[in-house]
Protein chains: 2
Amino acid sequence: MNDTIEILRTLGVQPTPQRIAVADYVLNTEGHPSADEVLARSRETCPTISRASVYNTLNLLVDKGLLKAHTLREGAVVFDRNTERHHHFIDEESGEIHDIPWEHLAVSGGSNLADFQIRDYQVILRGRKKES
Amino acid sequence: MNDTIEILRTLGVQPTPQRIAVADYVLNTEGHPSADEVLARSRETCPTISRASVYNTLNLLVDKGLLKAHTLREGAVVFDRNTERHHHFIDEESGEIHDIPWEHLAVSGGSNLADFQIRDYQVILRGRKKES
DNA sequence: TACCAATGTCAGACATAGTCTAAACCGCCA
DNA sequence: TGGCGGTTTAGACTATGTCTGACATTGGTA
């Protein structure tokens with residue numbers, strides 16, 4: 001919470017209660033929430049926050065590089081506090097999205113893609129998470 | 001066109017003018033059109049077709065396995081007549097989506113993912129297509 | 001302290017993707 | 001002719017996301 005305020009200040013962003021509520025949740029979750037989920041969670045600590053402020057803050061954090069937006073789900077963008085390169089596993093039953101560390105998979109054969117300048121890539125896996 | 005009618009019949013689907021217009025376009029394009037693009041193109045041959053019929057037909061073709069739906073673009077699902085396994089390259093300037101043949105890339109390291117039952121996967125590449 | 005400009009927030013309007021519904025329509029068969 | 005499925009249609013509806021213009025808050029300056 002105090003950390004969150006500090007982070008916002010470091011970015012040169014005024015730490016308003018609304019921004020703190022959004023950042024505090026979204027930067028401290030392992031999940032991949034949609035804007036709607038962020039809105040709901042932010043209202044727990046800042047009940048009057050509006051949809052517009054949530055979108056503003058999320059887009060701000062993406063611009064500042066603290067957050068990544070992925071279009072992994074149908075219908076809604078999800079936000080990911082993990083900004084390092086990584087892959088994604090999507091559980092087709094629960095809809096849950098799990099991060100897969102970059103080192104866990106290797107992609108080879110890029111030399112076949114001479115026509116393309118590749119700036120970024122990731123593997124998207126789908127299936128079911130085993131009970132654990 | 002006659003082929004398209006035959007394909008629909010084989011699926012046990014009544015070949016109506018609307019379905020023919022949709023299928024004829026979407027099964028014969030190399031691109032990755034959104035529902036909206038399919039609507040516009042279908043109206044060239046069937047001017048009265050409605051949005052609902054386009055969605056109905058597209059979903060029908062997906063159910064029947066003739067088409068795949070991908071959430072690669074923000075805001076809209078795209079349809080892909082290529083139902084074989086393959087990867088995707090997304091041109092970040094033009095937004096164009098290109099198919100990458102399955103054999104052109106290899107993904108290794110799946111043994112690190114013991115917690116997951118993987119049913120399907122693909123590599124998503126982003127960057128710029130070189131002039132050719 | 002008082003003021004002002006800049007910055008933020010808010011509700012609601014708007015745009016767009018997609019689904020659903022109820023009525024009309026069509027081809028077929030009696 | 002009349003009826004019966006299956007199909008299409010316009011429009012209502014939902015949801016995600018952006019935009020706008022009014023209002024609130026903040027920080028700086030005197």
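L67(B) and I20(B) fall within a single hydrophobic cluster, where Ile, Leu, Val, Met, Phe, Trp and Tyr are joined by side-chain heavy atoms under 4.5 Å apart, directly or via other members. When the side chains of ILVMFWY residues are joined at heavy-atom separations under 4.5 Å, either directly or via intervening members, V38(A) and L11(A) end up in a single hydrophobic cluster.
The CG atom of L39(A) sits 10 Å away from the P atom of dC10(C) (whole-angstrom rounding). The distance between atom CD of Q14(B) and atom C1' of dC4(D), rounded to the nearest whole Å, is 13 Å. In this structure, CG of D36(A) is placed 8 Å from C1' of dT16(D), rounded to the nearest angstrom. For the pair L61(B) CG and dT7(D) P, the interatomic distance rounds to 13 Å; values are reported in whole Å. Residue F79(A) contributes atom CZ, which lies 12 Å from atom P of dT16(D) at whole-angstrom precision. For R73(A) and dA15(D), the CZ to P distance is 15 Å, given to the nearest whole Å. Rounded to whole angstrom, the span from the CD atom of E37(A) across to the P atom of dA15(D) amounts to 14 Å. Residue Y55(B) contributes atom OH, which lies 4 Å from atom P of dG18(C) at whole-angstrom precision.
For R128(B), the CZ atom counts as loosely surrounded, since its 6.0 Å shell holds 12 or fewer non-hydrogen atoms of other residues, nucleotides or ligands. In the displayed structure, R43(B) atom CZ is contacted under 6.0 Å by more than 12 heavy atoms of other residues, nucleotides or ligands. Within 6.0 Å of CD in E103(B) there are more than 12 heavy atoms belonging to other residues, nucleotides or ligands. Within a 6.0 Å sphere centred on CZ of R85(A), heavy atoms belonging to other residues, nucleotides or ligands number more than 12.
The shortest distance between the side-chain N/O atoms of T16(B) and the OP1/OP2 oxygens of dT8(D) is below 4.0 Å. Between S34(B) and dA17(C), a side-chain N or O to OP1/OP2 separation shorter than 4.0 Å is absent. Listed pair N56(B) / dT9(D) fails the phosphate criterion, with no side-chain N or O lying under 4.0 Å from OP1 or OP2.
Ionic pairing of E96(B) and K129(B) is not present here: no N-O contact between side-chain nitrogen and carboxylate oxygen is shorter than 4.0 angstrom.
No donor-acceptor pair under 3.5 Å is formed between the side chain of D24(B) and the backbone N or O of A21(B). Between the side chain of R19(A) and the backbone N or O of Q14(A), at least one donor-acceptor pair lies under 3.5 Å. In terms of modelled atom types and a separation under 3.5 Å, the side chain of N112(B) and the main chain of G109(B) share a donor-acceptor contact.
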What does the list of N/O pairs under 3.5 Å between the protein and nucleotides 23-28 of chain C look like, with a distance for each?
none

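Below 30°, between 30° and 60°, or above 60°: for H88(A) and H32(A) the angle between ring planes is above 60°, a perpendicular geometry. Taking the six-membered ring where tryptophan is involved, the planes of H70(B) and H86(B) are perpendicular, since the angle between them exceeds 60° and thus also 30°.
When each of T57(B) and G75(A) is assigned the nucleotide of DNA chain D bearing its nearest heavy atom, the one mapping closer to the 5' terminus is T57(B).
The terminal axes of the helix from dT1(C)-dA30(D) to dA30(C)-dT1(D), fitted over 5 pairs per end, subtend an angle of 20° to the nearest 10°.
Within residues 40-53 of chain A, the residues approached by DNA chain C to less than 4.0 Å at the level of any non-hydrogen atom are T48(A), I49(A), S50(A), R51(A), A52(A), S53(A), in residue-number order.
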